[in-house]
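Scope of the values below: all heavy atoms of this structure, side chains included, with no hydrogens, waters or symmetry mates.
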Amino acid sequence: MAESHAQNKAKLIAETRRRFEAEYVTDKPDKYDPRDVERLQQDDNWVESYLCWRHDAVDETLKMIDESFQWRKEMAVHDLTEASIPKWLLEIGGIYLHGYDKEGNKLLWIRVKYHVKDNKTILDKKKLIAFWLERYAKRENGKPITVMFDLSETGINSIDMDFVRFIINCFKVYYPKYLSKIVIFDMPWIMNAAFKIVKSWLGPEAVSLLKFTNKHEVQDYVSVEYLPPHMGGTDPFKYSYPPLVDDDFQTPLCENGPVASEDEASSKEDTESDGKEILEAVFNEEQVAGLKKINLTESTSKAEENEKVDSKTKAFKKPLSVFKGPLLHISPAEELYFGSIDSGEKKSLIVLTNVTKNIVAFKVRTTAPEKYRVKPSNSSCDPGASIDIVVSPHGGVAVSAQDRFLIMAAEMEQTSGTGPAELAQFWKEVPRSKVMEHRLRCHTVESSKPTSLTLKDGAFNVSDKTSEDMCLQFANSRRENDCSPP
């Protein structure tokens, strides 16, 4: 059934591309930005996002793409930069990205009290919204966003229905499938009539995405760590510019050091190997002899591979999904899977493969540096080589869907050294335009079903499924429901 669904989706994507080219592009090639037309022909996810929002109705999808592409060219979204936005508008802190909701979706903050209706500045404010959304879309392709309308301390002068309608249209037409929900905080009674109009703009299917909240209810959607004090939260964040507010990625604990305290006695060779061997070591013969033999109907070699562990870290198969970047292939492609506390599979693995002809320097950063240890977190990868990075929650802390990891990579000159001092200097000098970035979310696989597997032959229990087994089961179920409209 899943295969049939995938085949049908592929046919719809192909039909959408063919008809858009024939019915919309051929007669008026200058109507759209050629970069958007090219991307539509190459990016299946982008076409699928329009189809999903229009319930796979190709005629309606084509109209939506036409409107979206015209707007994208008119706003010149591909070329929007900080220089495109007046500095005072960036400094005031009325619109910015920061933090995550409880489902792990990025928060787009709109502090309405800083907005005053003014026809002279409305275009610049719309450009600022487009700038943040396009910046986010390029980094987090297809991942939803939660809009935080903060109406605290807001007066009637801040009400601008044209601006609100523009924001609604951004998610209805220009960035389909990106809206998770709109959380409206502390709305004054005088604005009730205005937001009845907003509901009509959203339409019956999306109106359920509006969440009206006060100081207590807002915590149903965003945890206190990402809420400011006036919302009952504990987030110490204070907006300032420059620089641009971004994902607040920081260096994790024990950069290039042991994964956890129990590894501190590891040999110097293991430390300097950047973790390449940490998942390949096996028990010595005496330890192996003490393990129970597992006889599966599958090949013996696969069973033996699953049994291999080193004296400190359980071995697990490498993740299968791959993000194919210009410098590195990164696996997994989107999410790091951690087992629940009960499962025992607390560590997760990132595999980097250098696909260039030069040495690639990389470093790993996280939004929760106090919670994770990463080994290695700042190193380099030789041409054609692969490096395993082990991510370990520190001190038994709980993994959160709000946590993010950022992998940064850049090519090095052939003559460059790769020691700590050389790498530090390299990252100071490398232009931002030369740096590849990729983000990963965190996910905890809960044991909703019994985790023990009983086999008839041998009558034994396997109490710890590998994290990848759980990952694949979860990913398959998500794939089948990925296109459900809001």
Side-chain angles (χ1 to χ4, degrees), residues 35 38-39 42-46 77-82 97 106 131-132 134-143 243-252 255-256 274-276 318-336 348-367 369 372 374-391 403-418 420 422-442:
R35 289 169 288 187
E38 181 181 1
R39 181 185 171 193
Q42 297 177 352
D43 189 343
D44 288 355
N45 290 331
W46 206 26
V77 295
H78 281 285
D79 302 312
L80 284 177
T81 64
E82 288 180 66
L97 289 167
K106 193 71 179 175
F131 168 76
W132 278 119
E134 187 68 12
R135 180 182 175 90
Y136 176 81
K138 287 178 177 177
R139 294 185 172 190
E140 305 279 359
N141 186 21
K143 297 175 185 176
L244 277 175
V245 175
D246 210 330
D247 291 292
D248 304 322
F249 286 99
Q250 301 176 47
T251 302
E255 182 160 322
N256 284 334
D274 288 332
K276 289 181 180 178
K318 296 181 179 181
L320 299 178
S321 60
V322 179
F323 166 79
K324 296 182 179 181
L327 306 181
L328 296 174
H329 286 184
I330 301 172
S331 185
E334 294 185 355
E335 292 184 320
L336 286 177
S348 192
L349 179 69
I350 304 171
V351 181
L352 307 182
T353 301
N354 183 349
V355 294
T356 75
K357 296 180 180 179
N358 297 316
I359 296 174
V360 171
F362 69 86
K363 58 182 177 180
V364 183
R365 308 190 82 185
T366 177
T367 56
Y372 298 94
V374 178
K375 178 180 180 180
S377 63
N378 185 5
S379 188
S380 62
C381 187
D382 292 334
S386 294
I387 282 186
D388 295 344
I389 299 173
V390 179
V391 181
D403 300 338
R404 293 289 194 279
F405 283 84
L406 170 68
I407 298 171
M408 304 173 68
E411 280 187 279
M412 304 182 73
E413 298 292 339
Q414 294 285 359
T415 57
S416 301
T418 58
E422 290 87 353
L423 286 173
Q425 188 63 31
F426 171 79
W427 286 112
K428 289 179 181 179
E429 298 174 352
V430 64
R432 184 67 183 261
S433 60
K434 300 292 185 181
V435 178
M436 169 192 142
E437 294 185 352
H438 185 66
R439 288 157 170 74
L440 296 170
R441 295 175 290 181
C442 293

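Listed here is the closest heavy atom pair of Phe131 and Leu80: N-CD1, 3.8 Å. Annotation for Ser331 and Ser321: closest pair OG-O, 2.6 Å, computed over non-hydrogen atoms. Between Pro376 and Ile389, the shortest heavy-atom distance links the atoms O-CG2, 3.5 Å. Contact record, Thr418 with Glu422: N-CB, 4.2 Å, taken as the closest heavy-atom pair. In terms of heavy atoms, Tyr372 sits closest to Cys442 at OH-SG, 3.9 Å. When all heavy atoms are compared, the tightest approach of Pro332 to Ile350 is CD-CA, 4.3 Å.
Lys138 has its side chain out of reach of Glu437: every pair of non-hydrogen atoms, C-beta onward, lies at least 4.5 Å apart. Residues Trp427 and Val435 meet the side-chain proximity criterion, which asks for heavy atoms closer than 4.5 Å. A 4.5 Å side-chain heavy-atom check between Ile330 and Met436 finds at least one atom pair inside the cut-off. Side-chain contact between Phe426 and Glu413 is absent, with no heavy atoms from C-beta onward closer than 4.5 Å. Using a 4.5 Å cut-off on side-chain heavy atoms (C-beta onward), Pro383 and Ile359 make contact.
One finds the CG atom of Asp382 at 10.5 Å from the CE atom of Met412 (value rounded to the nearest 0.5 Å). Residue Asp403 holds its CG atom at 6.0 Å from OG1 of Thr366, rounded to the nearest 0.5 Å. Note that the CG atom of Asn354 and the CD atom of Glu411 stand 7.5 Å from one another [nearest 0.5 Å]. Here the straight-line distance linking atom NZ of Lys143 with atom OH of Tyr136 works out to 7.0 Å at 0.5 Å rounding. Atoms CG and CD, from Asp43 and Glu38 in turn, are 11.0 Å apart once rounded to the nearest 0.5 Å. Atoms CG and NE2, on Leu327 and His438 in that order, are 13.0 Å from each other to the nearest 0.5 Å.
In summary, Glu334 and Arg441 engage in a salt bridge, as defined by a charged side-chain N under 4.0 Å from a carboxylate O.
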